[in-house]
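Working notes for the structure below.
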Amino acid sequence: MCLKLGKRNYFEDPNGRNVSTGLTISKRGRGYCDGGEAAVTVAIPATVPRCQVEGCHVALLNAKEYHRRHKVCELHSKAPKVVVLGMEQRFCQQCSRFHLVTEFDDTKRSCRRRLAGHNERRRKSSQEHSTTVIRNNNPSQGILLSKSMEIIILIQ
């Protein structure tokens, strides 16, 4: 007999005891309970993924995949300041890891290094698409300028 609760399957041992440490997995890796002989029983790991913030004991079994992968609960992924490894840190949304609080500007959730790269990419794309033509009295002559006022081409 099998009971499906969320992503976990609970089934009964042939001796009549309830077992929650096993999971029946099909060839595709999806859990199912049909008692068929093609099923394989795999033990769930004894270590439960938990938030790495000191003092937080939240089990991440039912958390989103993102939070399980980075070992941080939703509350601490958005917190302005937490203690990890004895230092005040903040979770960076770009790097998906903790950095010292001094590596962030104000209340931003991305570190300065990643924000600088992001802003530079934005500036490059906007410079490529925006130009200005300055014409003399003669409409067939002029200078084509980029947004940073660099001469791109002299129109004659």
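Each residue takes its place number in the sequence, starting with 1. These numbers come from a predicted model, not from an experiment. Below, each value reflects all heavy atoms present in this structure, side chains not excepted, and no hydrogens, waters or symmetry copies.
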Between [atom1] on residue [X] and [atom2] on residue [Y], distance to nearest 0.5 Å:
| X | Y | atom1 | atom2 | value |
| --- | --- | --- | --- | --- |
| Glu88 | Leu100 | CD | CG | 9.5 Å |
| His70 | Ser96 | NE2 | OG | 3.5 Å |
| Phe91 | Lys78 | CZ | NZ | 11.5 Å |
| Lys81 | His76 | NZ | NE2 | 13.0 Å |
| Glu74 | Tyr66 | CD | OH | 11.0 Å |
| Glu120 | Ser125 | CD | OG | 11.5 Å |

If you look only at pairs with a residue in residues 107-119, which of them pass as a side chain to side chain donor-acceptor pair (under 3.5 Å), with sequence neighbours excluded? Asp105-Arg112

What pair of heavy atoms forms the shortest contact from [X] to [Y], and how long is it?
| X | Y | result |
| --- | --- | --- |
| Phe104 | His99 | CE1-CB, 3.7 Å |
| Arg90 | Pro80 | NE-O, 2.7 Å |
| Leu60 | Cys51 | CD1-N, 3.8 Å |

Is Arg68 salt-bridged to Glu65, cutoff N-O under 4.0 Å? yes

Ser77 side chain reached by His67 side chain, heavy atoms, under 4.5 Å: yes

If Ile, Leu, Val, Met, Phe, Trp and Tyr residues are connected whenever their side-chain heavy atoms lie under 4.5 Å apart, and connections chain through other members, are Leu85 and Val72 in the same group? yes

Is it the case that one hydrophobic cluster holds both Phe98 and Met87, taking links as side-chain heavy atoms less than 4.5 Å apart, direct or via other members? yes

